[in-house]
Amino acid sequence: MKRKVTKAIFPVAGLGTRFLPATKSIPKEIMTLVDRPLIQYAIDEARAAGIKEFIFVTSRGKSALEDYFDCAPELESSLRKSGKDELLEMLRSTNMDSGAIAYLRQHKALGLGHAVWCARRMIGNEPFAVILPDDVIAAEKPCLQQMLEAYQETGGCMVAAMEVPPEKASSYGVLDVKDDMGAMVSVKGMVEKPTAGTAPSNLAVIGRYILTPKVLQNLNRMKGGAGGEIQLTDAIAEEIAAERPVYGYRFRGQRFDCGSKAGFLQATVAFGLGREDLREEFGAYLRDMMSVQKAAE
Ligand code: UTP
């Protein structure tokens, strides 16, 4: 049986404190890698995976995000008049069909689990995807598409998983692996931000999920977990406790943590070098920088 997943939640209500002062007035998701905001990468990945309904959980001060997906009639007519068809075409990828996009508010930043729960009425009784736009994944086949293909075989809940060095595990949700089947692992437990030395594996959860509506029911009962926040990881772990299947999927691709400054800079370099129109000039600059640095050492 084909399992259809056509709805995705984009939780974008976090405070983005690691990027202050920029995030005082600019949503983190509008920050750009080269010339595209983070949110555009997330939307493109969702579209490629067949997502038709895009649900944004936002908060105060995120109106730039809503504007980004609107038509811009003045700009478009000016581009049309001056024959800038390529730019017009590029703008088209930022437009959404009427009714395909919905925004709702998380009134307090009570955690990722709470943000997802805020969208429960829009999800209803279907499986759904969750995409965290600050995890940007460069991959030949978009990560969510890889996961949805694997999900056709498994059903249940599935999280994107990535190997991390032991000293980094305490920054992530970590999987306790039951069976390792290669790309896929079945999971017997999940711990959010384990204290140093207690992580059950080196497989960390990153920002792509396929979830059943049962997870939303689990969130109904949730109180604060690690760091006092309502954790999505805890609600998924409840599925395991109820003996319903949860899988980790080792995606093929490179993930950049664009919620952190170092990750954002790394992504900027990687995506800059990935662009044909910039590669030569930008690559030469980086090489110069490296040789200056080496000489200084
Ligand atoms: P982060 O842990 O990166 O938090 O959230 P943050 O607030 O965005 O950033 P920092 O740590 O203060 O710099 C991961 C994802 O969960 C969303 C965020 O918007 C981000 O996409 N989130 C987090 C919410 O939507 N609501 C919350 O209450 C917390």
Give the minimum heavy-atom separation between [X] and [Y], together with the two atoms involved.
X: Pro11; Y: Val116; answer: CG-CG2, 4.3 Å
X: Val57; Y: Cys118; answer: CG1-CB, 4.2 Å
X: Ala169; Y: Val174; answer: O-CG2, 3.6 Å
X: Ala267; Y: Cys258; answer: CB-SG, 3.7 Å
X: Gly156; Y: Thr212; answer: O-CG2, 3.6 Å
X: Ala160; Y: Phe251; answer: CB-CD2, 4.0 Å

Is [Y] close to [X] at the side-chain level, that is, under 4.5 Å between some pair of heavy atoms?
X: Ile30; Y: Leu38; answer: no
X: Arg275; Y: Asp35; answer: yes
X: Gln254; Y: Ile137; answer: no
X: Glu53; Y: Met122; answer: no
X: Pro200; Y: Val191; answer: yes
X: Leu148; Y: Gln145; answer: no
X: Lys188; Y: Val177; answer: no
X: Glu45; Y: Arg208; answer: yes

Distance check, rounded to the nearest 0.5 Å: [X] atom [atom1] versus [Y] atom [atom2]?
X: Arg244; Y: Glu239; atom1: CZ; atom2: CD; result: 4.0 Å
X: Lys178; Y: Asp180; atom1: NZ; atom2: CG; result: 13.0 Å
X: Asn202; Y: Tyr172; atom1: CG; atom2: OH; result: 12.0 Å
X: Ile131; Y: Phe54; atom1: CD1; atom2: CZ; result: 8.5 Å
X: Ser59; Y: Gln106; atom1: OG; atom2: CD; result: 7.5 Å
X: Gln146; Y: Lys141; atom1: CD; atom2: NZ; result: 7.0 Å

Inset, instruction - In sequence, state the C-alpha distance, the side-chain angles, and the governing distance for His114 and Glu229, and then conclude on side-chain hydrogen bond (donor to acceptor under 3.5 Å, both in side chains). - result: CA-CA 8 Å; His114 181 260; Glu229 295 197 331; over 6 Å; no
Legend entry - Other cluster members, Leu88 - Ile/Leu/Val/Met/Phe/Trp/Tyr, side-chain contacts below 4.5 Å: Leu75, Leu79, Leu87, Met90, Leu91
N/O donor-acceptor pair under 3.5 Å between [X] side chain and [Y] backbone:
X: Tyr41; Y: Leu33; value: yes
X: Gln231; Y: Thr233; value: no
X: Lys7; Y: Ile51; value: no
X: Glu167; Y: Ala196; value: no
X: Ser78; Y: Glu74; value: no
X: Arg18; Y: Lys261; value: no
X: Thr268; Y: Phe264; value: yes
X: Lys62; Y: Ala13; value: no
X: Asp135; Y: Gly207; value: yes
X: Ser260; Y: Gly263; value: yes

Legend entry - side-chain contact (heavy atoms from CB on, under 4.5 Å) between Glu163 and Leu203, worked out: CA-CA 5 Å; Glu163 257 130 50; Leu203 265 189; 3.7 Å; yes
Under a 4.5 Å side-chain heavy-atom rule over Ile, Leu, Val, Met, Phe, Trp and Tyr, are [X] and [Y] clustered together?
X: Ile206; Y: Val159; result: no
X: Ile236; Y: Ile123; result: yes
X: Ile210; Y: Ile43; result: yes
X: Tyr247; Y: Tyr249; result: yes
X: Leu232; Y: Ile240; result: yes

Inset, instruction - Run the numbers on Tyr209 and Leu112 for side-chain contact (heavy atoms from CB on, under 4.5 Å), then give the verdict. - result: CA-CA 12 Å; Tyr209 308 78; Leu112 175 60; 3.9 Å; yes
Inset, instruction - Could you list the residues that satisfy side-chain hydrogen bond (donor to acceptor under 3.5 Å, both in side chains) with Tyr151, not counting sequence neighbours? - result: none
Whether over 12 other heavy atoms sit under 6.0 Å from [X] [atom1]:
X: Arg121; atom1: CZ; result: no
X: Arg279; atom1: CZ; result: yes
X: Asn220; atom1: CG; result: yes
X: Glu140; atom1: CD; result: no

Inset, instruction - Pick out which of Thr58, Ile39, Leu132 makes a side-chain contact (heavy atoms from CB on, under 4.5 Å) with Glu29. - result: Ile39
Inset, instruction - For residues 96-105, pull every pair meeting side chain to side chain donor-acceptor pair (under 3.5 Å), keeping only residues two or more places apart or in separate chains. - result: none
Inset, instruction - Tell me, with the steps shown, if Met147 and Met184 meet side-chain contact (heavy atoms from CB on, under 4.5 Å). - result: CA-CA 10 Å; Met147 289 173 71; Met184 190 101 73; over 6 Å; no
Inset, instruction - Report the relative orientation of the aromatic rings in Phe69 and Phe56; use parallel for angles under 30°, tilted for 30 to 60°, perpendicular for over 60°. - result: tilted
Legend entry - Steps toward side-chain contact (heavy atoms from CB on, under 4.5 Å) verdict (Phe10, Ile55): CA-CA 6 Å; Phe10 299 81; Ile55 302 161; 5.8 Å; no
Legend entry - Salt bridge flag under 4.0 Å for residues Glu238 and Arg221: yes
